[in-house]
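Report on the following structure.
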There are 2 protein chains.
Amino acid sequence: MGIDELDGRLLELLAAEPRIGVLEASRRLGVARGTVQARLDRLQGSGVIRGFGPDVDPAAIGYPVTAFATLEIRQGQGRDVRAHLATVPEVLELHTITGRGDMLCRLVARSNADLQRVIDKVVGFEGIVRASTAIVMENPVPLRIVPLVRQAARDAGGPAS
Amino acid sequence: MGIDELDGRLLELLAAEPRIGVLEASRRLGVARGTVQARLDRLQGSGVIRGFGPDVDPAAIGYPVTAFATLEIRQGQGRDVRAHLATVPEVLELHTITGRGDMLCRLVARSNADLQRVIDKVVGFEGIVRASTAIVMENPVPLRIVPLVRQAARDAGGPAS
DNA sequence: TGAAGGCTGAGCAATCTGTACAGTGATAGG
DNA sequence: CCTATCACTGTACAGATTGCTCAGCCTTCA
């Protein structure tokens with residue numbers, strides 16, 4: 001487990017220019033094509049790279065409002081609630097968490113008004129006792145991974161030298 | 001703005017098999033290659049598809065712990081705090097939100113113990129008054145977009161018929 | 001010393017991409 | 001009703017890329 005400096009550079013490159021091919025990547029990185037191919041295979045095999053799914057902007061398909069909802073669940077209803085939330089398309093992700101509240105989910109909606117509908121759909125279920133919602137105004141740091149990759153690569157490569 | 005049924009199927013297909021090429025996609029969808037190419041260009045041009053960045057699993061590169069932190073910011077320090085958090089690699093995303101707390105950020109760490117270090121780094125800054133953290137235990141619904149795409153495509157295609 | 005693993009550079013057949021062009025059907029405007 | 005526009009189809013071609021394999025070289029490790 002872990003990645004070295006070359007893996008890090010490869011991931012950065014892929015993040016910056018995803019449509020790049022193996023051949024072009026090998027040129028940019030200054031290594032042989034076979035090396036890039038082998039690294040990619042390994043990264044995917046080991047689960048570091050989950051995939052290359054299209055990064056779809058919810059706002060661009062009509063869902064410009066994002067919100068986070070903290071849910072409090074009735075004891076023992078966790079499984080049912082999870083199953084319920086999984087059926088709601090506007091629930092983009094769901095986590096079970098420690099602390100105040102039992103679950104945290106990311107929601108999107110067509111408008112602030114529509115968010116009410118979404119929340120009703122989410123909360124309108126047996127096991128959910130209470131929900132508290134926070135609407136996202138700005139997103140100063142969009143979901144990113146490159147800085148972390150860079151650090152992980154440094155941690156692996158630095159101390160070893 | 002909005003996507004039709006064919007866009008929806010294309011996005012679903014890309015999500016399911018990202019390494020697929022334009023030609024193979026056109027075969028699967030039963031349309032001409034040029035059509036797929038045009039749709040892809042349009043989807044990327046209109047911002048629906050932001051990119052095809054590699055989906056990296058933080059756990060696989062040594063950061064298996066995820067947490068969400070709600071931050072309370074001192075009046076007028078928002079800009080500085082944003083800039084500060086942007087420099088922390090373990091901050092995967094940052095939102096400004098309504099309600100209790102002013103910002104919500106997603107963090108990762110090498111372990112529960114390491115999370116303390118990360119939080120110290122995040123909170124160790126002038127403008128942050130208070131931070132409340134929730135550790136993620138499970139992730140029953142990983143970040144997903146397909147169900148939403150499907151619904152958006154239905155909404156666009158259905159009522160029109 | 002020998003074995004194993006990773007990288008290089010090269011080669012080959014098959015495939016895919018970028019691009020262009022003509023034909024067709026549907027739609028919107030005149 | 002006629003016509004321009006637009007999207008999709010089917011086809012074509014040159015150039016680039018991919019998947020795969022092989023031999024050689026170097027470093028690490030037992």
Side-chain angles (χ1 to χ4, degrees), chain A residues 1-56 60-62 149 152-161, chain B residues 1-56 60-62 149 152-161:
Chain A
M1 178 191 289
I3 59 177
D4 67 11
E5 187 265 344
L6 180 56
D7 288 324
R9 285 201 295 144
L10 175 56
L11 287 173
E12 271 186 66
L13 182 58
L14 287 173
E17 307 189 43
R19 298 305 269 178
I20 207 176
V22 173
L23 182 56
E24 181 61 20
S26 72
R27 283 197 279 256
R28 304 279 187 91
L29 297 175
V31 297
R33 180 166 67 108
T35 303
V36 172
Q37 228 144 18
R39 293 297 184 119
L40 259 185
D41 288 347
R42 192 169 58 67
L43 287 173
Q44 295 196 67
S46 67
V48 173
I49 297 180
R50 289 202 202 93
F52 291 86
D55 182 9
V56 176
I61 59 176
V149 166
R154 251 203 314 277
D155 288 353
S161 68
Chain B
M1 178 190 289
I3 59 177
D4 66 11
E5 187 265 344
L6 180 56
D7 288 324
R9 284 201 296 145
L10 176 56
L11 286 173
E12 269 186 67
L13 182 58
L14 287 173
E17 306 189 44
R19 298 307 268 177
I20 206 177
V22 173
L23 182 56
E24 180 60 20
S26 71
R27 284 196 278 256
R28 304 279 187 93
L29 297 175
V31 298
R33 179 167 67 108
T35 303
V36 172
Q37 230 144 14
R39 293 297 185 119
L40 259 185
D41 288 347
R42 191 168 60 67
L43 287 173
Q44 295 197 67
S46 66
V48 172
I49 297 180
R50 289 202 203 93
F52 291 86
D55 182 9
V56 176
I61 59 175
V149 165
R154 251 203 315 277
D155 289 351
S161 68

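Note on naming: letters A, B, ... go to the chains in the order of the sequence lines (proteins, then strands), and numbering restarts at 1 for each one.
The distance from atom CG of B:D155 to atom CD of B:E5, rounded to the nearest 0.5 Å, is 13.0 Å.
Here the shortest heavy-atom pairing between A:P54 and B:L11 reads CG-O, 4.1 Å. Contact between B:L23 and B:R33 at its shortest, heavy atoms only, is CD1-CD, 3.7 Å. Closest approach of B:A60 and A:S46 over heavy atoms only: CB-O, 4.4 Å. Nearest heavy atoms, B:G8 versus B:A153: CA-CB, 4.0 Å.
DNA chain C lies under 4.0 Å from no heavy atom of any residue of residues 40-54 of chain A.
The nearest whole Å value for the distance from the CG atom in B:L23 to the P atom in D:dA12 is 15 Å. The CZ atom of B:R27 sits 15 Å away from the P atom of D:dT9 (whole-angstrom rounding). For the pair B:E24 CD and D:dG19 C1', the computed distance is 16 Å after rounding to whole Å.
At a threshold of 4.0 angstrom between heavy atoms, the contacts of B:R19 with the nucleic acid are absent. The residue B:Q37 sits close to a base: some heavy atom pair falls under 4.0 Å.
Taking the side chain as every heavy atom from C-beta outward, A:L40 and A:I49 approach each other to under 4.5 Å. Residues A:E24 and A:E17 have side chains not in contact (no heavy-atom distance under 4.5 Å, counting atoms from C-beta outward). Side-chain contact between B:D7 and B:V48: absent, with no pair of heavy atoms (C-beta onward) separated by less than 4.5 Å.
Overall, the helix from C:dT1-D:dA30 to C:dG30-D:dC1 carries an axis bend of 40° between its ends, with five pairs at each end and the value rounded to 10°.
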Check step by step if side-chain contact (heavy atoms from CB on, under 4.5 Å) holds for B:L6 and B:T35. CA-CA 10 Å; B:L6 180 56; B:T35 303; 4.1 Å; yes
Is there a side-chain contact (heavy atoms from CB on, under 4.5 Å) between B:D4 and B:R39? Walk through the geometry before answering. CA-CA 10 Å; B:D4 66 11; B:R39 293 297 185 119; 2.8 Å; yes
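No salt bridge links B:R9 with B:E12; every basic N to acidic carboxylate O contact stays at or beyond 4.0 Å.
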Using a cut-off of 4.0 Å between protein heavy atoms and nucleotide atoms, how would you tag nucleotides 7-14 of chain C 5' to 3' with B, S and -? SB--B---
